[in-house]
Amino acid sequence: MPSIIDQTLFGESSRRLAVVNLCGALLLAGQQGYYVVVEGATPFYAILFLIAGMALSGIAESLPGSRRRAAGVLRLTALVVLGSMLVIMIVTPELLTN
(Lines give C-alpha, C1' and ligand atoms only; values in the text may rest on other atoms or scores of the structure.)
Protein backbone atom coordinates (compact mmCIF):
# COMPACT_ATOMS: atom_id res chain seq x y z
CA MET A 1 0.00 0.00 0.00
CA PRO A 2 1.64 3.28 -1.10
CA SER A 3 1.92 5.99 1.50
CA ILE A 4 0.31 9.41 1.26
CA ILE A 5 3.74 11.04 1.11
CA ASP A 6 4.75 8.94 -1.91
CA GLN A 7 1.48 9.75 -3.65
CA THR A 8 1.82 13.47 -2.93
CA LEU A 9 5.52 13.97 -3.70
CA PHE A 10 5.93 11.52 -6.55
CA GLY A 11 2.43 11.47 -8.01
CA GLU A 12 1.24 12.64 -11.40
CA SER A 13 1.75 16.26 -12.35
CA SER A 14 -1.10 18.67 -12.94
CA ARG A 15 -0.66 21.08 -15.86
CA ARG A 16 -3.27 23.49 -14.48
CA LEU A 17 -1.46 23.70 -11.16
CA ALA A 18 1.82 24.31 -13.00
CA VAL A 19 0.30 27.26 -14.87
CA VAL A 20 -1.21 28.70 -11.68
CA ASN A 21 2.06 28.44 -9.74
CA LEU A 22 4.27 29.81 -12.51
CA CYS A 23 1.90 32.69 -13.29
CA GLY A 24 1.61 33.48 -9.58
CA ALA A 25 5.39 33.55 -9.21
CA LEU A 26 5.68 35.77 -12.27
CA LEU A 27 3.02 38.19 -10.97
CA LEU A 28 4.64 38.38 -7.54
CA ALA A 29 8.05 38.96 -9.11
CA GLY A 30 6.63 41.72 -11.28
CA GLN A 31 4.93 43.35 -8.32
CA GLN A 32 8.10 43.17 -6.22
CA GLY A 33 10.19 44.53 -9.08
CA TYR A 34 7.79 47.41 -9.63
CA TYR A 35 7.84 48.47 -6.01
CA VAL A 36 11.62 48.20 -5.71
CA VAL A 37 12.60 49.79 -9.03
CA VAL A 38 9.84 52.33 -9.71
CA GLU A 39 8.66 53.23 -6.23
CA GLY A 40 12.09 52.95 -4.60
CA ALA A 41 10.79 50.81 -1.73
CA THR A 42 12.91 48.31 0.16
CA PRO A 43 12.33 44.70 -0.93
CA PHE A 44 9.92 42.65 1.15
CA TYR A 45 11.91 39.46 1.65
CA ALA A 46 8.93 37.26 2.52
CA ILE A 47 7.65 37.74 -1.03
CA LEU A 48 10.99 36.50 -2.38
CA PHE A 49 10.49 33.25 -0.44
CA LEU A 50 6.97 32.94 -1.90
CA ILE A 51 8.27 33.57 -5.42
CA ALA A 52 10.95 30.87 -5.04
CA GLY A 53 8.52 28.35 -3.54
CA MET A 54 5.86 28.92 -6.19
CA ALA A 55 8.40 28.80 -9.02
CA LEU A 56 9.88 25.52 -7.78
CA SER A 57 6.44 24.01 -7.40
CA GLY A 58 5.40 25.20 -10.85
CA ILE A 59 8.51 23.74 -12.44
CA ALA A 60 7.89 20.44 -10.63
CA GLU A 61 4.31 20.31 -11.89
CA SER A 62 5.36 21.07 -15.47
CA LEU A 63 7.76 18.11 -15.70
CA PRO A 64 6.58 15.04 -17.65
CA GLY A 65 5.46 11.87 -15.90
CA SER A 66 8.74 10.12 -16.61
CA ARG A 67 10.54 12.63 -14.37
CA ARG A 68 8.63 11.85 -11.17
CA ARG A 69 11.71 11.69 -8.98
CA ALA A 70 12.96 15.10 -10.12
CA ALA A 71 9.48 16.53 -9.63
CA GLY A 72 9.39 15.09 -6.12
CA VAL A 73 12.74 16.65 -5.27
CA LEU A 74 11.56 20.04 -6.56
CA ARG A 75 8.32 19.77 -4.58
CA LEU A 76 10.27 18.89 -1.46
CA THR A 77 12.64 21.81 -2.04
CA ALA A 78 9.65 24.15 -2.41
CA LEU A 79 8.28 22.89 0.89
CA VAL A 80 11.65 23.49 2.57
CA VAL A 81 11.83 27.05 1.19
CA LEU A 82 8.30 27.89 2.34
CA GLY A 83 8.81 26.14 5.68
CA SER A 84 12.02 28.04 6.29
CA MET A 85 10.12 31.28 5.66
CA LEU A 86 7.64 30.32 8.36
CA VAL A 87 10.43 29.45 10.80
CA ILE A 88 12.19 32.75 10.12
CA MET A 89 8.91 34.61 10.64
CA ILE A 90 8.47 32.96 14.03
CA VAL A 91 12.06 33.22 15.26
CA THR A 92 13.21 36.58 13.86
CA PRO A 93 10.45 38.35 11.94
CA GLU A 94 12.51 41.52 11.47
CA LEU A 95 14.65 39.68 8.90
CA LEU A 96 11.67 39.36 6.58
CA THR A 97 9.68 42.48 7.27
CA ASN A 98 12.42 45.17 7.42
Side-chain angles (χ1 to χ4, degrees):
M1 182 165 108
S3 70
I4 294 174
I5 295 173
D6 282 342
Q7 290 175 353
T8 303
L9 286 179
F10 304 109
E12 287 294 321
S13 298
S14 169
R15 298 291 180 206
R16 288 183 185 166
L17 191 57
V19 170
V20 168
N21 281 328
L22 289 173
C23 287
L26 185 64
L27 285 172
L28 285 173
Q31 177 190 15
Q32 182 78 357
Y34 172 78
Y35 283 120
V36 169
V37 173
V38 176
E39 299 291 327
T42 58
F44 188 55
Y45 296 110
I47 297 295
L48 297 177
F49 278 92
L50 288 175
I51 291 168
M54 289 179 74
L56 286 170
S57 181
I59 292 169
E61 292 298 325
S62 66
L63 291 176
S66 61
R67 305 286 306 221
R68 284 189 186 178
R69 184 170 293 173
V73 169
L74 285 172
R75 288 180 188 128
L76 190 60
T77 306
L79 285 174
V80 168
V81 167
L82 295 173
S84 66
M85 180 189 71
L86 289 175
V87 169
I88 291 171
M89 286 180 87
I90 291 170
V91 176
T92 55
E94 64 271 0
L95 290 178
L96 295 177
T97 58
N98 291 55

Open item on the list: Could you report the tightest heavy-atom contact between Leu82 and Phe49, atom names first, then the distance?
Closed with: CD2-O, 3.8 Å
Open item on the list: Using 0.5 Å steps for rounding, measure from the CG atom of Asn21 to the OG atom of Ser62.
Closed with: 10.0 Å
Open item on the list: I'd like to know if the side chain of Ser84 and the backbone of Val80 have a donor-acceptor N/O pair within less than 3.5 Å.
Closed with: yes
Task: Distance in Å, Leu63 CG paired with Arg69 CZ, rounded so as to fall on 0.5 Å steps - done: 14.0 Å
Task: Minimal non-hydrogen separation, Leu56 against Thr77, with atom names - done: CD1-CG2, 3.7 Å
- [ ] Report whether Tyr34 and Ile51 are members of the same hydrophobic cluster (ILVMFWY, side-chain heavy atoms less than 4.5 Å apart, transitive linking).
- [x] no
Task: Closest contact, heavy atoms only, Ile59 versus Leu22 - done: N-CD2, 4.1 Å
- [ ] State whether Glu61 and Arg75 are salt-bridged, where the test is any N-O pair (Lys NZ or Arg NE/NH1/NH2 against Asp/Glu carboxylate O) under 4.0 Å.
- [x] yes
TODO: Consider only side-chain heavy atoms of I, L, V, M, F, W and Y, link residues closer than 4.5 Å, and tell whether Val38 and Val36 are in one cluster.
DONE: no
Open item on the list: Quick check on the hydrophobic clustering: are Leu50 and Tyr45 connected, directly or via other members, by side-chain heavy-atom contacts under 4.5 Å?
Closed with: yes
TODO: Kindly give the heavy-atom pair with the smallest separation between Ser57 and Ala78, and that separation in Å.
DONE: N-CB, 4.0 Å
Open item on the list: Minimum heavy-atom separation for Ala18 and Gly58, please, with both atom names.
Closed with: CB-O, 3.7 Å
Open item on the list: Among Ile90, Val91, Thr92, exactly one meets side-chain contact (heavy atoms from CB on, under 4.5 Å) together with Ile88. Which residue is that?
Closed with: Thr92
- [ ] Locate the shortest heavy-atom distance separating Phe44 from Gln32; write the atom from each residue and the value.
- [x] N-NE2, 2.9 Å
- [ ] Spell out, yes or no, whether Val20 and Met54 are grouped together once hydrophobic residues are joined by side-chain heavy atoms under 4.5 Å, including indirect joins.
- [x] no
- [ ] Group every Ile, Leu, Val, Met, Phe, Trp and Tyr by side-chain heavy-atom contacts under 4.5 Å, then state whether Met85 and Leu95 land in the same group.
- [x] yes
